[in-house]
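Below: one structure, written as structure tokens.
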Amino acid sequence: MKILKRNFFERDTLLVARELLGNKLVRRYKGRRISGIVIETEAYLGTDDSASHPFKGKTRRNQVMFGPAGIAYVYFVYGMHYLFNVVTEETNNPCAVLLRAVMPLQGQHHMERLRGKRGKELTNGPAKLCQAMAIDVSLNGWDLTRGEKLWFENVKTVPENFICTGPRIGIDYAAKKDREAHRRFWVQKEFIAHMREDSPYEIY
DNA sequence: AGCACGATCTGA
DNA sequence: CAGATCGTGCTA
């Protein structure tokens with residue numbers, strides 16, 4: 001098991017967003033282990049990106065994005081939801097990757113309990129991901145390279161031809177160039193099914 | 001101190 | 001497609 005270290009995140013944000021696909025996100029919560037394979041991400045490119053929080057400068061809320069890579073940036077939106085990002089690039093270059101979806105591996109039962117719902121798709125959407133993995137603002141600023149509470153493990157790389165790209169979700173307010181740029185990445189559906197079946201991952 | 005608005009989700 | 005729901009950041 002290889003925990004993703006700072007040098008993984010301290011790189012070009014679009015590359016990190018792409019390469020996070022296929023890696024495992026692990027949460028240690030109340031003695032339980034909840035995990036899933038990352039299948040959808042979005043890149044937020046800092047002060048030049050009108051969809052990105054630091055576009056209007058540094059504030060108390062977004063200050064973690066200005067810090068070192070490999071740190072969790074968790075914030076509250078819409079009066080009810082948390083969103084989870086990983087900070088990328090070097091200090092004072094405020095970029096991050098938003099985690100939008102995982103394929104559940106371990107702790108699925110627990111994910112369902114946390115969400116209070118059953119029998120539905122659990123991990124579509126960044127807020128549902130946070131609910132499922134018990135991620136809230138208390139993890140804002142947490143160092144994801146420590147291998148405690150919340151971290152990433154290298155599983156394997158998703159082949160280039162199984163990665164889809166498109167515009168990001170929920171940023172209608174952003175400038176046209178940023179709205180339309182392909183900064184969202186996801187694993188092609190067929191390959192997700194393949195991951196499930198082949199399941200070198202499903203070691204419970 | 002007040003106000004407008006979200007990197008969303010749900011259910012009608 | 002509206003409603004839930006509240007922290008954040010801007011204006012005064």
Side-chain angles (χ1 to χ4, degrees), chain A residues 9 12-21 25 27 34 36 38-67 69-89 93-104 108 110-142 144 150 152 163-187:
Chain A
F9 302 103
D12 178 75
T13 309
L14 291 165
L15 186 64
V16 175
R18 191 178 276 272
E19 291 194 3
L20 267 180
L21 300 176
L25 177 63
R27 171 77 165 122
I34 309 170
V38 178
I39 58 175
E40 186 178 358
T41 61
E42 280 178 2
Y44 285 86
L45 306 185
T47 48
D48 290 332
D49 179 358
S50 59
S52 187
H53 290 167
F55 182 65
K56 292 172 189 149
K58 189 176 185 174
T59 65
R60 183 141 96 254
R61 181 215 211 181
N62 67 26
Q63 63 181 341
V64 216
M65 284 185 73
F66 290 79
I71 305 294
Y73 172 44
V74 183
Y75 69 93
F76 188 68
V77 268
Y78 300 123
M80 37 175 47
H81 296 304
Y82 297 105
L83 300 214
F84 167 48
N85 304 250
V86 201
V87 177
T88 58
E89 315 244 0
N93 185 359
C95 305
V97 172
L98 172 69
L99 278 285
R100 290 193 59 90
V102 301
M103 176 187 89
Q108 295 184 44
H110 196 60
M111 292 188 189
E112 291 161 11
R113 296 193 69 119
L114 283 169
R115 295 210 51 234
K117 303 242 172 179
R118 308 204 160 231
K120 295 198 171 182
E121 188 59 42
L122 292 171
T123 52
N124 274 339
K128 286 203 269 183
L129 184 152
C130 286
Q131 291 174 42
M133 303 201 68
I135 296 170
D136 65 18
V137 75
S138 68
L139 286 167
N140 188 38
W142 185 256
L144 300 167
L150 186 62
F152 291 95
I163 297 179
C164 312
T165 70
R168 292 167 295 180
I169 305 291
I171 54 156
D172 292 350
Y173 59 85
K176 185 173 157 80
K177 72 169 176 68
D178 296 321
R179 249 186 293 130
E180 295 179 347
H182 282 209
R183 291 176 189 158
R184 183 161 58 99
F185 303 89
W186 67 94
V187 179

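A note on names: the letters A, B, ... follow the listed sequences, proteins ahead of strands, and every chain is numbered from 1. All figures in this text were calculated on a predicted structure; none of them were measured in a lab.
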Worksheet item: Under a 4.0 Å N-O cut-off, is there an ion pair linking A/R168 with A/D49?
Response: yes
Q. For B/dT8, does either OP1 or OP2 sit under 4.0 Å from a side-chain N or O belonging to A/R100?
A. yes
Sequence neighbours excluded, the answer for side-chain contact (heavy atoms from CB on, under 4.5 Å) partners of A/E180 is A/K176
Residue set satisfying side-chain contact (heavy atoms from CB on, under 4.5 Å) with A/V87, at least two apart, ordered chain then number -> A/I71, A/Y73
So, with a heavy-atom separation below 4.0 Å from DNA chain B, the residues of residues 78-89 of chain A are A/Y78, A/G79, A/H81, A/L83, A/N85
Students often get this wrong, so: under 4.0 angstrom with heavy atoms, is A/I171 touching a base, only sugar-phosphate, or nothing? sugar-phosphate
Just by modelled atom types, is the A/G125 backbone N or O under 3.5 Å from a matching donor or acceptor in the A/R100 side chain? no
Would you find a donor on one side and an acceptor on the other, under 3.5 Å apart, between the side chain of A/D178 and the backbone of A/A175?
no
side-chain contact (heavy atoms from CB on, under 4.5 Å) for A/V86 and A/L20? Distances and angles first, verdict last.
CA-CA 10 Å; A/V86 201; A/L20 267 180; 4.2 Å; yes
Separation of B/dT8 atom C1' from A/D136 atom CG, nearest Å, is 17 Å
Could you check whether any side-chain N or O of A/E42 sits under 3.5 Å from a backbone N or O of A/R183, counting only pairs where one atom can act as donor and the other as acceptor?
no
Output field dot_bracket for DNA chain C (Watson-Crick or G-U, both distances under 3.5 Å, | for other-strand pairs) contains ||||.||||||.
Sorted by chain and number, sequence neighbours left out, side-chain hydrogen bond (donor to acceptor under 3.5 Å, both in side chains) with A/H81 holds for none
Margin query: Using a 4.0 Å heavy-atom cut-off, does A/A51 contact any base of the nucleic acid, only the sugar-phosphate backbone, or nothing at all?
Written below: base
Worked check of ring-ring contact (aromatic ring centres under 6.0 Å, His included) between A/F84 and A/Y75
CA-CA 7 Å; A/F84 167 48; A/Y75 69 93; over 10 Å; no
N/O contacts under 3.5 Å, protein versus nucleotides 8-12 of chain C?
from  : atom 1 : to    : atom 2 : distance (Å)
C/dG9 : OP1    : A/T59 : OG1    : 2.1

Under 3.5 Å: donor-acceptor pair, side chain of A/R179, backbone of A/I171
no
When rounded to whole Å, the NE2 to C1' distance for the pair A/H53 and B/dT8 reads 12 Å
* **Check: A/A174 main-chain N/O paired with A/S50 side-chain donor or acceptor under 3.5 Å** => no
Between OH of A/Y73 and C1' of C/dG7 the distance, given in whole Å, is 11 Å
Quick note, A/K128 side chain, CB onward, closest among B/dT8, B/dT10, B/dA7 is B/dT10
